[in-house]
Amino acid sequence: MSTNTFNLANKGYNTMTSKPDDEYVNLKGIITKQSIFEVDSGKSVNLFNKQANKLYGLDREKCILLYLCSLNTKDAGGSSYTIPLNNKHCIIFKTNLHNLTSYAHEIAHTLGLDHTFLAKDSSCNLINLTTEKSNIDNEVVNFREKIIVGKTNIDNQWSVFRNARENKGYFDSISVNSEEYTKYKKPFDNAKNELDKTLQEYTKNKNDEKNLIVKNNIRFTRALTENIMDYSSDDVNCDGIRDVIGITIKKSFNKYQWKIIQEETKLYYH
């Protein structure tokens, strides 16, 4: 992809039309440092995904796409997602192009493997798996509440439109079941249906995320294993300093990880 594509996405613009587009708004800020063209790793995956699907219809293919690029990132040698389960896009960035373990690591994320260590919260405390699943439940509840607010706002917009001085007499004179009434109300109903679909997809992905936590339930101290899904160092105090330099050569998956890989491959990539 060209630098112009990134520059447009950085402003939340559609990369095809060069105009503002809600579909691209979550890509704003993809360029984190313009002087060296440093990019956000996660947003880059999203952009590659979006462009490949639009240009080549690759969302319909059963495959894994590994992008090798010369882009700089702040702290990631590669990037990919476990969710959605049929995700097929992963990137290796400039710093890790010659690190073959990074290729295996990112492809394995795409095939459903989490890291072998616990994540940390904003206070640098380890998050146990029970808490992680509970946090996901809370995220779903919060998202559902936002959807409810959104649908209520749409209902209010319809009410304002329907009861506006220039419209009220007309709508009072026709049946709510009439074709004309339905025609005017349909865009509002469609907008609510889209919110319902968004909630349904979000909830499914979050449930899949919880199921992957259950499958990836064996965790170790970070940096101290030879597992490919481990890191080779750890910033224990979250102060930007690598306090632990562990096993640097990563070369294996355990049998439980191989089972996840096999199951995901059968379901989504074969």
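Computed over heavy atoms, backbone and side chain alike; hydrogens, waters and symmetry mates excluded.
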- Set of residues satisfying ring pair (Phe, Tyr, Trp, His ring centres under 6.0 Å) with respect to Tyr202, sequence neighbours excluded: Phe143

- Message: With a sphere of 6.0 Å drawn around NZ of Lys168, does it hold more than 12 non-hydrogen atoms of other residues, nucleotides or ligands?
- Response: no

- Message: Before you tell me yes or no, could you show the steps for Ile91 and Ser80 under side-chain contact (heavy atoms from CB on, under 4.5 Å), namely the whole-Å CA-CA distance, both residues' side-chain angles and the distance that decides it to 0.1 Å?
- Response: CA-CA 7 Å; Ile91 300 178; Ser80 57; over 6 Å; no

- Item | Given Lys250, Arg219, Arg222, the one that forms salt bridge (charged side-chain N to carboxylate O under 4.0 Å, His left out) with Asp230 | Lys250

- Any donor-acceptor pair under 3.5 Å from Thr110 side chain to Glu106 backbone: yes

- Locate the shortest heavy-atom distance separating Thr116 from Asn227; write the atom from each residue and the value. CG2-OD1, 3.4 Å

- Check the pair Lys266, Glu263 against salt bridge (Lys or Arg N to Asp or Glu O under 4.0 Å), reporting the backbone distance first and the verdict last. CA-CA 5 Å; Lys266 288 178 183 177; Glu263 290 174 350; over 6 Å; no

- side-chain contact (heavy atoms from CB on, under 4.5 Å) between Thr182 and Asn177, intermediate numbers included: CA-CA 7 Å; Thr182 301; Asn177 297 317; over 6 Å; no

- Taking it one step at a time, do Lys192 and Asp155 satisfy salt bridge (Lys or Arg N to Asp or Glu O under 4.0 Å)? CA-CA 9 Å; Lys192 289 170 64 178; Asp155 285 337; 2.9 Å; yes

- Message: What I want to find out is whether Lys133 reaches Glu209 closely enough, with some N-O distance under 4.0 Å, to be called a salt bridge.
- Response: no

- May I ask you to check whether Thr131 and Asn128 show a side-chain donor-acceptor distance below 3.5 Å? yes

- Query: What's the shortest heavy-atom distance between Leu224 and Ile247, and which atoms?
  - Reply: O-CD1, 3.4 Å

- Could you please spell out the steps behind the side-chain contact (heavy atoms from CB on, under 4.5 Å) verdict for Asn72 and Phe93? CA-CA 6 Å; Asn72 298 296; Phe93 295 108; over 6 Å; no

- Message: Between Asp234 and Lys120, does any side-chain N to carboxylate O distance fall below 4.0 Å?
- Response: yes

- Any chain of hydrophobic side-chain contacts (each under 4.5 Å) joining Ile31 to Leu71? yes

- Item | Smallest separation among heavy atoms of Asn7 and Phe37, with atom names | OD1-CE1, 4.1 Å

- Query: side chain to side chain contact (heavy atoms under 4.5 Å, CB included) with Glu132: which of Ile213, Asp121, Asp114?
  - Reply: Ile213

- Item | Side-chain heavy-atom pair Leu68, Lys94 within 4.5 angstrom cut-off | no

- Message: Quick check on the hydrophobic clustering: are Val149 and Phe188 connected, directly or via other members, by side-chain heavy-atom contacts under 4.5 Å?
- Response: no

- Answer yes if the ring centres of Tyr13 and Tyr24 are under 6.0 angstrom apart, and no otherwise. no

- Decide, yes or no, whether a salt bridge links Lys11 with Asp21 under the criterion of side-chain N to carboxylate O below 4.0 Å. no

- Side chains of Ser44 and Ser41: do they bring a donor and an acceptor to under 3.5 Å? no

- Message: Can you give me the closest heavy-atom contact between Ser232 and Thr248, atom names plus distance?
- Response: CB-CA, 3.8 Å

- Donor + acceptor pair across side chains of Thr15, Gln51 (<3.5 Å): yes

- Query: Can you get from Leu97 to Ile64 by hopping between Ile, Leu, Val, Met, Phe, Trp and Tyr side chains that sit under 4.5 Å apart?
  - Reply: yes

- Does a donor on one side chain sit under 3.5 Å from an acceptor on the other, for Tyr81 and His109? no

- Yes or no on side-chain contact (heavy atoms from CB on, under 4.5 Å) for Tyr181 and Ser175, after CA distance, side-chain angles and deciding distance? CA-CA 7 Å; Tyr181 193 98; Ser175 167; over 6 Å; no

- Would you confirm whether Ser134, through its side chain, and Thr130, through its main-chain N or O, come within 3.5 Å as a donor-acceptor pair? no

- Could you tell me the separation between the OH atom of Tyr103 and the CD1 atom of Ile228, rounded to the nearest 0.5 Å? 14.5 Å

- Worked check of salt bridge (Lys or Arg N to Asp or Glu O under 4.0 Å) between Glu38 and Lys74: CA-CA 7 Å; Glu38 180 185 272; Lys74 182 178 180 180; over 6 Å; no

- Note on the structure: CD1 of Ile260 to CG of Asn254, rounded to nearest 0.5 Å, is 8.0 Å

- Query: What is the distance from atom CG of Leu111 to atom CD of Gln262, rounded to the nearest 0.5 Å?
  - Reply: 11.0 Å

- Query: Strictly under 6.0 Å, is that where the ring centroids of His115 and Tyr231 end up?
  - Reply: yes

- salt bridge (Lys or Arg N to Asp or Glu O under 4.0 Å) between Lys54 and Glu23, intermediate numbers included: CA-CA 12 Å; Lys54 284 183 175 295; Glu23 190 179 346; 3.3 Å; yes

- What about Phe48 and Leu8, same hydrophobic cluster or not, with Ile/Leu/Val/Met/Phe/Trp/Tyr joined at side-chain heavy-atom distances under 4.5 Å? no

- Message: Is there a side-chain contact between Thr265 and Leu267 in this structure, where contact means two heavy atoms from C-beta onward sitting under 4.5 Å apart?
- Response: no

- Message: Regarding Asp208 and Lys204, does a basic nitrogen lie under 4.0 Å from an acidic carboxylate oxygen?
- Response: yes

- Query: Would a 4.5 Å heavy-atom cut-off, applied to side chains only, mark Ile92 and Tyr67 as touching?
  - Reply: no

- Exam field: side chain Lys88 to backbone Lys62, donor-acceptor pair closer than 3.5 Å: no

- Task: Answer yes or no: does atom CZ of Phe161 have more than 12 heavy-atom neighbours from other residues, nucleotides or ligands under 6.0 Å?
- Result: yes

- More than 12 heavy atoms of other groups within 6.0 Å of Ile245 CD1: yes

- Which heavy atom in Gly29 sits nearest to a heavy atom in Asp40, and how many Å separate them? O-CB, 4.4 Å

- Item | Between Asn86 and Glu264, a side-chain donor and acceptor under 3.5 Å | no

- Query: For Glu180 and Tyr170, does a side-chain donor sit closer than 3.5 Å to a side-chain acceptor?
  - Reply: yes

- Spacing of CD1 belonging to Ile147 relative to CG belonging to Asn142, to within rounding of 0.5 Å: 12.0 Å

- Item | Over all atoms of both residues, closest heavy-atom pair of Val236 and Cys124 | O-SG, 3.2 Å

- To the nearest 0.5 Å, how far apart are OG1 in Thr82 and CG in Asn211? 11.5 Å

- Query: Distance-only, no hydrogens or angles: does the Asp235 side chain make a donor-acceptor pair with backbone N or O of Asp239 under 3.5 Å?
  - Reply: yes

- Message: Looking at Asn10 and Phe6, would you say the former's side chain and the latter's main chain have a donor-acceptor pair under 3.5 Å?
- Response: no

- Shared hydrophobic cluster for Leu212 and Ile136 (ILVMFWY, side-chain gaps under 4.5 Å): no

- Are Asn53 and Asn49 linked by a side-chain donor-acceptor pair shorter than 3.5 Å? yes

- Query: Quick one: does Ser178's side chain have a donor or acceptor within less than 3.5 Å of a partner on Ile174's backbone?
  - Reply: no

- Rounded to the nearest 0.5 Å, how far does CG of Leu85 lie from CG of Asn207? 10.5 Å

- Message: Looking at Glu201, I want to see if its CD is surrounded by more than 12 non-hydrogen atoms of other residues, nucleotides or ligands under 6.0 Å.
- Response: no

